[in-house]
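Heavy atoms only: backbone and side chains are in, while hydrogens, waters and symmetry mates are out. Everything numeric here is computed off the predicted structure, so don't read it as measured data. Throughout, numbering of the chain's residues begins at 1 and tracks the sequence.
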Amino acid sequence: MSYDFDLFVIGAGSGGVRCARIAAAHGARVAVAESRHWGGTCVNLGCVPKKLMVQASDYGDWVDDSHGFGWSTRRGHNDWAELIAAKDREIARLNGIYVSMLEKADVALFTGHATIEDAHTLRIDPSPLVPDAAPRRVTARRIVIAVGSTPTMPAIPGIGHAISSDQAFHLKERPARVCMVGGGYIGVEFAGIFRGLGSEVDLVYRQNLPLRGFDSDLRHALHDAIDLRGIRQHVGVSPTAIDRLEDDTFAVTLDNGTRIVTDCVFFATGRHPKVTGLGLIEAGIATQENGRIIVDANSETSVPGIYAIGDVTNRLNLTPVAIAEGHILADRLFGATPPRQWSFDTTPKAVFFTPTLASVGQTEAEAAQHGDVDVYVSRFRPMRNTLSGREQRTYMKLVVDQASQIVRGAHMLGDDAPEIMQGLAIAVTGELTKADWDRTIGIHPTAAEEFVTMRTRTRVTPRATG
C-alpha cells in the first residue's frame, strides 16, 4: 500500500521534533502536526520561560549581596510587563528556530489538530492560527504520538478562580500576593520566582516536605531554604475551596481550617497526558485511567505501527528524556545502525528554586534496598555569603554502595547545582567508585570541589529490610 508519509508525528514538542528530524535524516518522508505552539510546552510554557523568570527573580538578591562587596547600588523595582515582553520575544525567536529546523530537514508541517482515525489515517482539522485552511486526511505507514501533558486542576469549589502554569507566563500584572498550591517542581519554582520579584507567597502542599521522590535529606534542606526565602509554608494540608471576595481578591480555605487571602491562586498539582480529541479509543489504543498511553519497551502502543513518546506516556516526564526517546525511536524505525543508547536510570534532575537543587542516581533510601550504604555529607556556607551576610548554606551528599564502593547517587542544594550535577551525572552513569572520585583533583576555590574532597564518611545506612 502506498502512503503519503513514512512517519507522521503528532506534536511538535522537543520529543516529536527530534523524532521527526532524525527520521527525515535517515531518508524517511516525515510530517508533523502541531495545533498550538511549535516547540511544545518546554519552549513555550515550561522549562525555557520558567528559567528566564527565575533568572529575573535573582537580580534583586544580587543587588542586596553586592553591598557586602563594597557596592552601593540600590535595589530597584522589577517591571513585570517589560519582563514578560522580553520573554515573549525570546520564545518567538525559538518558535522560529524549531520551524526552521523542521523545514531544513524536509519535514512537512501541518498547523492544526490531528485525530487518529485508524492505524494509518489521520484527519487534520485546521488551527485558528490558519482560519482559511480546510480539513484534510493524510496517511502514514507509522504514527508517533508526542502531544505531551497538560495541567491537572482538582475539582474543588471555586477552582475556576485559579490559574495554572499555562496562564502564569502571561499575567498582565505581577500579583502582590500569591497562594501557590503544590510542592513539586512547578510549585516550588514559581513560589521562588514570585517571591524573588517581590510578591508575598504562601506555599501549600499535602506532603510533609516538598519535592516527593527526591532524597529525604535534600527535601529537608529545601524546606529550610524555602523558609529562608521568606515563603510561608503550609505543609500536610490541601485546599478545599476558593472564594472570590468583594474586592476581587480570593480566599483559599485549607482542610485544617486556615484561610489564606490572596490576589492570585496558582495550582501546580501535577499534569496529565494531553490525549483529549486524539481518537485513541476509536483507534483501539490502550490507555490507563489517567490518560497515559501504554507502550512497550520499543515505545509501541497496543496498535502495531502507532508509537508514543514523552510525557504522554507518563513515564519520566523530562524534556531530555522525551528527546532521547524520540531519537531512539527514529533510529530504530529508519536507521541502518543500532539505535543510540541512553542511561535513563541515571537521568539527572534539577529544580530551579533559589538556590537551585539537583540530583542524579539513587536516593539514600533507594540505594539501601540493595545493600548497606556509605553516606557522605557536606554542609557549608558558600564563599559569596561570607561577605554578603546571607544565611543560606550549601548542602551536598554522596550515596555509595558499601560492597562495591560505586557512587550510586549525588545530590546538591546550592548555587549552580544543575551545572555541577550535569558533570557528576557522567561519573554516576559510568559507575565510578568513591576511590575514583577521591583521586580526582578539585578546582579551588569552588563549591564543586567539595564533591571530590569528602573523605570522612558521615554515616552507614544498613540494607533496608521488609
Side-chain angles (χ1 to χ4, degrees), residues 41 45-46 50 149-169 171 175-196 199-274 276 288-292 311 314 317 349 351-353 357 363 365:
T41 297
L45 298 168
K50 175 232 15 213
S149 61
T150 191
T152 297
M153 304 292 277
I156 64 172
I159 191 62
H161 299 311
I163 67 168
S164 70
S165 55
D166 281 6
Q167 293 81 45
F169 291 109
L171 292 173
R177 298 171 297 179
V178 179
C179 178
M180 178 68 59
V181 183
Y185 285 78
I186 298 173
V188 167
E189 290 173 337
F190 269 98
I193 288 169
F194 282 114
R195 183 59 188 150
S199 301
E200 293 183 20
V201 179
D202 288 272
L203 178 60
V204 178
Y205 51 93
R206 63 184 180 182
Q207 301 290 321
N208 63 334
L209 290 169
L211 292 186
R212 183 180 57 163
F214 280 74
D215 185 85
S216 178
D217 285 344
L218 206 60
R219 296 174 72 192
H220 278 283
L222 177 61
H223 180 277
D224 294 343
I226 292 171
D227 279 345
L228 280 175
R229 193 75 171 139
I231 296 169
R232 294 183 290 268
Q233 298 187 75
H234 306 262
V235 306
V237 293
S238 298
T240 58
I242 306 168
D243 295 301
R244 189 180 195 114
L245 305 180
E246 291 182 358
D247 60 355
D248 286 334
T249 61
F250 304 97
V252 180
T253 302
L254 308 182
D255 56 11
N256 65 353
T258 299
R259 191 168 180 261
I260 301 170
V261 177
T262 185
D263 301 301
C264 175
V265 185
F266 185 153
F267 269 75
T269 47
R271 299 175 66 86
H272 61 274
K274 191 179 179 182
T276 302
Q288 291 184 336
E289 289 184 4
N290 66 353
R292 170 189 178 269
D311 290 8
N314 201 25
N317 298 342
K349 303 177 290 185
V351 179
F352 291 91
F353 185 68
L357 176 151
T363 67

Taking all non-hydrogen atoms of both residues into account, name the closest pair between S165 and I186 and its distance. CB-CG2, 4.1 Å
Backbone N or O of E200 within a donor-acceptor pair of the R177 side chain at under 3.5 Å? no
Candidate pair F214 and L222, rule side chain to side chain contact (heavy atoms under 4.5 Å, CB included), full reasoning: CA-CA 11 Å; F214 280 74; L222 177 61; over 6 Å; no
Test item: D255 side-chain N/O and S238 main-chain N/O as donor-acceptor pair under 3.5 Å: yes
To check you understand the geometry: which heavy-atom pair defines the closest contact between P239 and V252, and what is its length? CB-CG1, 4.0 Å
Do S164 and D166 have side-chain N/O donor and acceptor atoms under 3.5 Å apart? no
Could you check whether any side-chain N or O of T152 sits under 3.5 Å from a backbone N or O of T269, counting only pairs where one atom can act as donor and the other as acceptor? no
What are the two closest non-hydrogen atoms of A162 and I242, and how far apart are they? CB-CD1, 4.0 Å
Between E189 (side chain) and F352 (backbone), is there a donor-acceptor pair under 3.5 Å? yes
Can you check side chain to side chain contact (heavy atoms under 4.5 Å, CB included) on L254 and V204, steps first, answer last? CA-CA 9 Å; L254 308 182; V204 178; 3.9 Å; yes
Parallel, tilted or perpendicular: which describes the rings of F169 and F190, with under 30° parallel and over 60° perpendicular? perpendicular
Can you measure from CG (L45) to CD (Q167) and round to the nearest 0.5 angstrom? 9.0 Å
Distance (rounded to the nearest 0.5 Å) between M153 CE and H272 NE2: 11.0 Å
Within the side chain of R195, is there an N or O that forms a donor-acceptor pair under 3.5 Å with the backbone of I231? no
Within the structure provided, determine whether I226 and L203 are in side-chain contact (heavy-atom separation under 4.5 Å). yes
Just so I know, are the side chains of V265 and H161 near enough to count as touching, which here means a heavy-atom distance under 4.5 Å? no
T363 and G213 have their tightest heavy-atom pair at CG2-O, 3.9 Å
Treating S149 as the side-chain partner and R271 as the backbone partner, does any N or O pair qualify as donor plus acceptor under 3.5 Å? no
Grab the two heavy atoms, one from L211 and one from Y185, that are nearest each other, plus how far apart they are. CD2-N, 3.7 Å
Once the angle between the rings of F194 and F266 is folded into 0 to 90°, is it parallel (under 30°), tilted (30 to 60°) or perpendicular (over 60°)? perpendicular
Ignoring hydrogens and angles, tell me if any N or O in the side chain of T253 forms a donor-acceptor pair with the backbone of T240 under 3.5 Å. no
Distance (rounded to the nearest 0.5 Å) between Q288 CD and N314 CG: 8.0 Å
Would you mind reporting whether R232 and V201 have side-chain heavy atoms less than 4.5 Å apart? no
Looking at every heavy atom in both G183 and Y205, which two are closest together, and how far apart are they? N-CB, 3.5 Å
Euclidean distance, C179 SG relative to D263 CG, rounded to 0.5 Å: 11.0 Å
CD1 (I260) and OG1 (T249) are apart, to the nearest 0.5 Å, by 13.0 Å
Once rounded to the nearest 0.5 Å, what's the spacing between atom CD of Q233 and atom CG of L209? 8.5 Å
L357 and L218: side chain to side chain contact (heavy atoms under 4.5 Å, CB included), yes or no, with the steps? CA-CA 8 Å; L357 176 151; L218 206 60; 3.7 Å; yes
Does F267 form a side chain to side chain contact (heavy atoms under 4.5 Å, CB included) with I156? I'd like the steps, not just the answer. CA-CA 12 Å; F267 269 75; I156 64 172; 3.9 Å; yes
